[in-house]
Amino acid sequence: MNRGLKVFVGLACLFVIGLPAFSQPSSRSIETFIMDNFDEANGQNYLYNGNTLSWDWAVNSSRFVAEGYPLTGYYEGIPNSLRMLLKGSGENHQVFGVKTAFNRKGDNWFEVYPTKDGKAYEIPFIGDVSTIDFWVWGANYNYTLEVLIRDALGRIHVLQAGNLAFKGWKNLIINVPGYIQQHSHLRSGPENLTLVGFRVRSDAEEYVDNYVIFFDQLKYTSNSLSYIYDGYELNEVDFGDSDSSNGNSNSSSKSKSSNSRRLNSDDDVVDVGDAK
């Protein structure tokens with residue numbers, strides 16, 4: 001009797017082990033995606049869903065910004081750690097810089113956000129994002145940095161990146177909380193989490209007449225297979241129903257439209273605190 005039971009258990013184990021592995025992607029399949037190296041405007045060539053995406057960056061400031069500011073541009077430079085990593089690549093490495101000034105101390109801020117065709121644009125992430133990684137050049141001012149992302153429900157989440165009171169380049173790695181909904185269960189809903197931009201805030205007592213910041217090498221880690229399932233390609237099948245197709249097209253268009261705007265007073269904003 002015992003011998004028969006052992007044989008049955010052994011056969012059951014072989015059956016389970018022999019199941020097709022491709023039906024369930026690994027939950028540990030983590031990749032690193034470079035979103036922007038800030039070498040030039042509209043030169044990212046970011047591959048997303050078979051399409052190549054590119055964008056520029058712009059800045060929006062609070063009401064007491066000084067006349068003629070903020071100023072932005074791409075400037076030659078690179079963190080030393082990245083210089084050694086990319087040594088011999090033969091490229092002209094650049095960074096994106098912002099210079100601003102305000103007329104008085106207080107709760108001053110400015111947002112650095114991507115643009116496309118002259119309009120605010122939100123960059124889509126791939127898969128389930130776990131960390132956002134980038135380099136920042138600090139001027140040792142008592143300012144703070146925030147990362148703004150939009151979830152699949154349309155809400156803005158503010159990830160605290162910490163204080164900017166340091167000199168020179170620093171690599172910042174921000175954790176994305178697991179409770180943020182990154183994908184919609186609706187076919188016409190947002191497919192992925194999106195990057196809205198960065199926000200820099202001044203301390204109420206800090207000087208505000210001559211501030212400079214630079215950004216470089218924006219990337220993230222993600223489980224890119226997290227939302228791929230057996231039969232995923234059938235999700236986009238066209239049934240030839242014009243009414244249904246138009247309806248889906250309109251829904252998709254509305255979704256993309258709402259995801260292509262900067263943060264404003266009508267957005268549902270969630271501050272998740274220190275995410276590091």
Side-chain angles (χ1 to χ4, degrees), residues 34-44 54-86 91-116 118 120-121 123 132-149 158-174 195-220 262-263 274-276:
I34 297 178
M35 183 173 278
D36 200 337
N37 56 18
F38 296 98
D39 281 345
E40 61 177 316
N42 299 303
Q44 294 80 11
S54 297
W55 55 85
D56 198 358
W57 293 85
V59 181
N60 177 51
S61 299
S62 55
R63 60 181 296 189
F64 295 112
V65 65
E67 184 177 357
Y69 291 93
L71 302 173
T72 66
Y74 292 84
Y75 302 93
E76 184 176 353
I78 188 175
N80 281 333
S81 296
L82 295 180
R83 189 187 306 275
M84 296 304 298
L85 182 65
L86 301 175
E91 297 181 3
N92 181 27
H93 301 295
Q94 297 195 97
V95 298
F96 182 76
V98 179
K99 182 176 183 180
T100 189
F102 296 92
N103 292 321
R104 71 179 195 182
K105 294 181 179 181
D107 183 23
N108 299 298
W109 55 265
F110 61 90
E111 294 175 357
V112 182
Y113 61 95
T115 64
K116 191 176 184 68
Y121 175 71
I123 309 171
I132 301 174
D133 182 325
F134 54 95
W135 287 80
V136 173
W137 188 94
N140 204 25
Y141 278 48
N142 190 20
Y143 285 33
T144 57
L145 177 63
E146 301 168 345
V147 179
L148 309 177
I149 59 176
V158 181
L159 307 181
Q160 301 298 324
N163 195 282
L164 294 171
F166 55 84
K167 288 185 177 180
W169 289 107
K170 186 175 182 180
N171 183 208
L172 300 180
I173 301 176
I174 313 303
L195 175 70
V196 178
F198 303 93
R199 183 195 287 141
V200 179
R201 288 186 179 276
S202 68
D203 183 83
E205 298 299 323
E206 184 58 279
Y207 290 99
V208 295
D209 59 331
N210 183 22
Y211 184 73
V212 174
I213 188 173
F214 296 94
F215 295 89
D216 198 16
Q217 197 74 2
L218 172 61
K219 57 183 182 292
Y220 61 94
R262 287 186 293 106
L263 178 62
D274 191 350
K276 294 189 294 180

Hey, are the side chains of [X] and [Y] touching, using non-hydrogen atoms and a 4.5 Å cut-off?
{"X": "Val112", "Y": "Phe96", "answer": "yes"}
{"X": "Phe214", "Y": "Val212", "answer": "yes"}
{"X": "Trp137", "Y": "Leu164", "answer": "no"}
{"X": "Val59", "Y": "Thr100", "answer": "no"}
{"X": "Lys99", "Y": "Asn210", "answer": "yes"}
{"X": "Trp135", "Y": "Pro79", "answer": "yes"}
{"X": "Asn108", "Y": "Val65", "answer": "no"}
{"X": "Ile213", "Y": "Tyr141", "answer": "no"}

Nearest non-hydrogen partners of [X] and [Y], listed with the distance:
{"X": "Val196", "Y": "Ile149", "answer": "CG2-C, 4.0 Å"}
{"X": "Tyr75", "Y": "Gly97", "answer": "CD1-N, 4.3 Å"}
{"X": "Val98", "Y": "Pro70", "answer": "CG1-CB, 4.3 Å"}
{"X": "Thr115", "Y": "Trp55", "answer": "O-CB, 3.2 Å"}

Inset, instruction - Mind running side chain to side chain donor-acceptor pair (under 3.5 Å) on Asn163 and Asn142 for me, showing each step along the way? - result: CA-CA 7 Å; Asn163 195 282; Asn142 190 20; 2.8 Å; yes
Inset, instruction - Begin with the C-alpha distance, continue with both residues' side-chain angles, and end with the deciding distance and a verdict on side chain to side chain donor-acceptor pair (under 3.5 Å) for Tyr74 and Asp56. - result: CA-CA 10 Å; Tyr74 292 84; Asp56 198 358; 2.9 Å; yes
Using modelled atom types only, decide if a donor and an acceptor are shared between the side chain of [X] and the backbone of [Y] within a distance under 3.5 Å.
{"X": "Gln44", "Y": "Met35", "result": "no"}
{"X": "Asp39", "Y": "Gln94", "result": "yes"}
{"X": "Ser202", "Y": "Gly106", "result": "yes"}

Legend entry - Test side chain to side chain contact (heavy atoms under 4.5 Å, CB included) applied to Phe64 and Val208, step by step: CA-CA 10 Å; Phe64 295 112; Val208 295; over 6 Å; no
Atom pair [atom1] ([X]) and [atom2] ([Y]), whose distance is rounded to the nearest 0.5 Å:
{"X": "Thr144", "Y": "Trp109", "atom1": "OG1", "atom2": "CH2", "value": "13.0 Å"}
{"X": "Glu146", "Y": "Ile174", "atom1": "CD", "atom2": "CD1", "value": "11.0 Å"}
{"X": "Ile34", "Y": "Asp133", "atom1": "CD1", "atom2": "CG", "value": "10.0 Å"}
{"X": "Lys170", "Y": "Ser81", "atom1": "NZ", "atom2": "OG", "value": "13.5 Å"}
{"X": "Leu148", "Y": "Phe198", "atom1": "CG", "atom2": "CZ", "value": "9.0 Å"}

Inset, instruction - Would you indicate whether Phe166, at its atom CZ, is surrounded by more than 12 heavy atoms from other residues, nucleotides or ligands within a distance under 6.0 Å? - result: yes
Legend entry - Partner residues of Asp107 under the side-chain hydrogen bond (donor to acceptor under 3.5 Å, both in side chains) criterion, sequence neighbours left out: Arg201
Inset, instruction - Before giving the answer on side chain to side chain contact (heavy atoms under 4.5 Å, CB included), spell out for Tyr69 and Phe110 the whole-Å C-alpha distance, their side-chain angles and the decisive distance to 0.1 Å. - result: CA-CA 11 Å; Tyr69 291 93; Phe110 61 90; over 6 Å; no
Legend entry - Pi-cation contact, Phe134 with Lys219 (under 6.0 Å, within 45°): no
Inset, instruction - Report the C-alpha distance between Trp169 and Asp216 in whole Å, list the side-chain angles of each, state the deciding distance to 0.1 Å, and finish with yes or no for side chain to side chain donor-acceptor pair (under 3.5 Å). - result: CA-CA 9 Å; Trp169 289 107; Asp216 198 16; over 6 Å; no
